[in-house]
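Notes follow the structure.
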Amino acid sequence: MDEEESDRFDAIIIGAGPAGAACAYALARAGKQVLMIERADTPGAKNVTGGRFYTYALEMLDNGLTAKAEEALERKVTHEQMMMLDGERSLCIDYGDPSFAEEGKVPESYTVLRATFDEWLSGQAEEKGAMLVCGIRVDELIERDGGIVGVRAGGDEMFADIVVAADGANSLMGQKAGLIDDVRVEHMLVGAKETIALPARTIEDRFALAAGEGASRLALGGARGVNGGVFIYTNRESISFGCVLLPSVLAQKHLSVHDLLQDVKMHPAIRPLLEGGTTIEYSAHLCPEAGLKAVPEKLFRTGFLMAGDAAGFAVNQGYTVRGIDLAILSGLAAANAIISTSVPEDVGAVYTEQLDALGVHRAMQMASRFPEIEDDPRIFAIYPKLANDIFSTVYHLDPDSRRPLYPKLKACIKGDTGFGAILKDVRKIRRVLRQGDGS
Amino acid sequence: MSIERMSAEELLGVDKFNVDEGEAHIVVKCECCLECSDKPCLYICPAQCYKLLDGKLAFDYVGCLECGTCRLACRQLGNSGVATWTYPRGTFGVSYRCG
Ligand SMILES: Cc1cc2nc3c(=O)[nH]c(=O)nc-3n(C[C@H](O)[C@H](O)[C@H](O)COP(=O)(O)OP(=O)(O)OC[C@H]3O[C@@H](n4cnc5c(N)ncnc54)[C@H](O)[C@@H]3O)c2cc1C
Ligand code: SF4
Ligand code: SF4
């Protein structure tokens with residue numbers, strides 16, 4: 001027991017991703033003895049994201065932290081783009097808004113690469129006094145008298161008042177704690193991504209960006225009817241190009257995630273954006289996408305909490321993917337709960353309150369029904385076609401100018417995309433958005 | 001460089017790996033695979049670690065990107081051929097420089 005007490009921590013955090021690092025940062029700031037254990041050689045070296053980070057989460061963790069993060073982030077996002085692909089055709093909407101990156105204000109979001117960002121954030125936690133050990137995989141949880149009291153890693157045992165599982169989407173620790181049975185495969189998207197190096201000037205020219213500014217582009221309809229989407233994020237000197245797809249539909253349609261990504265890469269509207277670039281990395285990761293449905297019923301037991309992707313806190317809203325911000329906020333919520341009560345049995349309840357107070361529950365609730373829209377084949381197959389049909393009709397020059405445009409446009413809207421069907425979809429989308437509003 | 005389709009092998013060739021020769025982090029019992037009609041692992045693995053060789057399933061953990069998709073898909077959509085699935089021991093496996 002003595003030996004155990006001598007290296008006992010206030011908290012052990014499994015995983016130094018954004019959830020773990022944010023939790024460690026807030027705990028260490030409050031003077032707690034914290035140990036982060038990360039299986040990668042350096043934090044971030046096992047982690048993958050699409051590529052955009054909303055800064056408000058860092059500001060909530062610590063006012064002014066974003067300014068310090070500049071070096072660890074890529075480009076300030078000023079262009080939001082949405083693409084609809086149908087066969088070889090494409091439609092792209094570009095919303096440019098310089099106010100997203102106005103001088104003197106914290107930019108709303110940045111593109112991001114995780115190897116740099118995660119190393120930076122866990123470095124910040126270390127500066128506050130947290131301990132970080134890398135290259136160590138936690139193998140087991142140590143249980144005593146119905147509570148979790150520590151972890152086993154390699155041959156070593158380490159003890160703490162509380163263990164925080166911030167071990168990501170495929171949380172083996174949550175399973176070992178008995179809080180999740182198995183993550184449902186239908187609640188997960190599989191992501192695959194190529195990072196393609198290009199000179200900064202080329203990126204800025206191709207996406208019509210000012211120096212240092214960036215674009216976030218999501219595309220629907222490129223994946224042969226498989227649920228999911230394609231993303232393109234501009235980094236300083238590379239482009240993150242990838243897709244997130246529903247594994248069950250890939251399996252059912254006998255389409256491989258690798259092949260589909262290569263198909264989209266060769267699309268006539270995508271390839272020119274990447275042309276001349278060199279693929280410097282290929283990466284893959286799971287991404288929770290089912291809103292509250294993917295969140296385990298219980299996120300804690302005595303001596304144990306789950307945060308970030310491990311707790312299912314990520315949302316795919318179709319036009320944007322969010323998870324890094326929610327990871328940071330849930331890490332902060334966990335830290336606040338641990339700091340504010342000394343009764344181990346109470347930490348879980350305070351954690352739930354904190355998740356509410358910091359807006360994590362609300363974001364998850366809002367997103368809960370998005371998959372109903374996104375997973376509807378109409379969204380990623382029929383509407384991209386309709387949008388392209390309409391533009392083809394408008395822009396196709398008809399030498400016979402006697403034929404009016406309206407009947408031709410009306411002809412696009414029939415059958416699957418008839419007025420009735422569209423109205424039904426609009427109602428459904430409205431219902432989902434309303435429910436998200438809580439109204 | 002001109003943008004071309006790349007095979008999974010070519011793509012994995014640009015990644016940095018430290019392969020654990022001493023311990024396989026994923027073990028597949030290929031007997032189970034004989035009875036698995038859909039073989040979801042063939043489609044959902046971004047690294048194409050699962051292949052059909054002479055009609056039989058073959059698995060190699062080298063090149064695994066540690067995403068965990070096969071762990072879920074095999075159990076829930078396949079026939080539980082993935083008998084062991086853990087992350088590689090500390091310091092082994094893939095190391096992303098971008099992520
Ligand atoms: C393709 C894709 C695109 C995405 N796009 C976006 C986006 O644009 N914007 C956004 O905000 N979010 C996005 N997300 C979601 C976002 O990446 C995640 O929500 C976020 O990374 C979650 O952070 P985390 O700290 O919870 O988990 P992770 O970042 O996964 O960190 C978990 C950490 O735990 C470590 N670990 C795991 N097991 C152990 C163990 N046994 N022992 C020791 N260490 C362990 C891992 O190595 C890792 O460092 C995307 C996700 C994917 C897959
Ligand atoms: S899904 Fe599982 S059981 Fe089926 S072939 Fe693949 S590894 Fe074998
Ligand atoms: S973990 Fe991912 S990359 Fe590795 S074998 Fe399974 S599906 Fe393939």
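Per chain, numbering begins at 1; letters A, B, ... match sequence-line order.
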> Any idea which of B:Arg71, B:Gln48, B:Arg75 has the most non-hydrogen atom pairs under 4.5 angstrom with chain A?
Replying inline: B:Arg71
> Do A:Glu281 and A:Ser283 have side-chain N/O donor and acceptor atoms under 3.5 Å apart?
Replying inline: no
> With a distance cut-off below 6.0 Å to the six-membered ring centre and an angular limit of 45° from the axis, does A:Arg137 pair with B:Tyr87 as a cation-pi contact?
Replying inline: no
> Side chain, backbone, both or neither: which part of A:Leu255 has a non-hydrogen atom closer than 4.5 Å to chain B?
Replying inline: backbone
>> Given heavy-atom pairs under 4.5 angstrom as the criterion, report whether the side chain, backbone, both or neither of A:Asn235 touches chain B.
In response: neither
>> Assess, by modelled atom type and distance only, whether the side chains of A:Ser171 and A:Asp309 contain a donor and an acceptor separated by less than 3.5 Å.
In response: no
> chain B heavy atoms under 4.5 Å from A:His285: which part of the residue, side chain, backbone, both or neither?
Replying inline: backbone
> Does any heavy atom of chain B fall under 4.5 Å from the side chain of A:Glu194, the backbone, both, or neither of them?
Replying inline: side chain
Side-chain polar contacts of residues 34-41 of chain B - donor-acceptor pairs under 3.5 angstrom, sequence neighbours left out - could you list them?
| residue | atom | partner | partner atom | Å |
| --- | --- | --- | --- | --- |
| B:Lys39 | NZ | B:Cys33 | O | 2.9 |
| B:Lys39 | NZ | B:Cys36 | O | 2.8 |

>> Please output the residues of residues 24-31 of chain B in contact with chain A, using a heavy-atom cutoff of under 4.5 Å, in numerical order.
In response: none
>> Heavy-atom cut-off 4.5 Å, strictly under: side chain, backbone, both or neither for A:Thr195 against chain B?
In response: side chain
> Going by residue number, which parts of residues 91-99 of chain B are within reach of chain A, meaning a heavy-atom gap below 4.5 Å?
Replying inline: B:Thr91, B:Phe92, B:Gly93, B:Val94, B:Ser95, B:Tyr96, B:Arg97, B:Cys98, B:Gly99
> Which atom names give the shortest non-hydrogen contact between A:Gly229 and A:Leu245, and what distance separates them?
Replying inline: N-CD2, 4.4 Å
>> Under 4.5 Å from any heavy atom of chain B, what part of A:Ala284 do you find: side chain, backbone, both or neither?
In response: both
>> With a 4.5 angstrom heavy-atom cut-off, is it the side chain or the backbone of A:Asp259 that approaches chain B, or both, or neither?
In response: both
> What part of B:Leu11 is in contact with chain A, defined as an atom under 4.5 angstrom from a non-hydrogen atom: side chain, backbone, both or neither?
Replying inline: both
> Could you name the residues of residues 12-22 of chain B that have a heavy atom within less than 4.5 Å of a heavy atom in chain A?
Replying inline: B:Leu12, B:Val14, B:Asp15
> Is it the side chain or the backbone of A:Ile196 that comes within 4.5 Å of chain B heavy atoms, both, or neither?
Replying inline: side chain
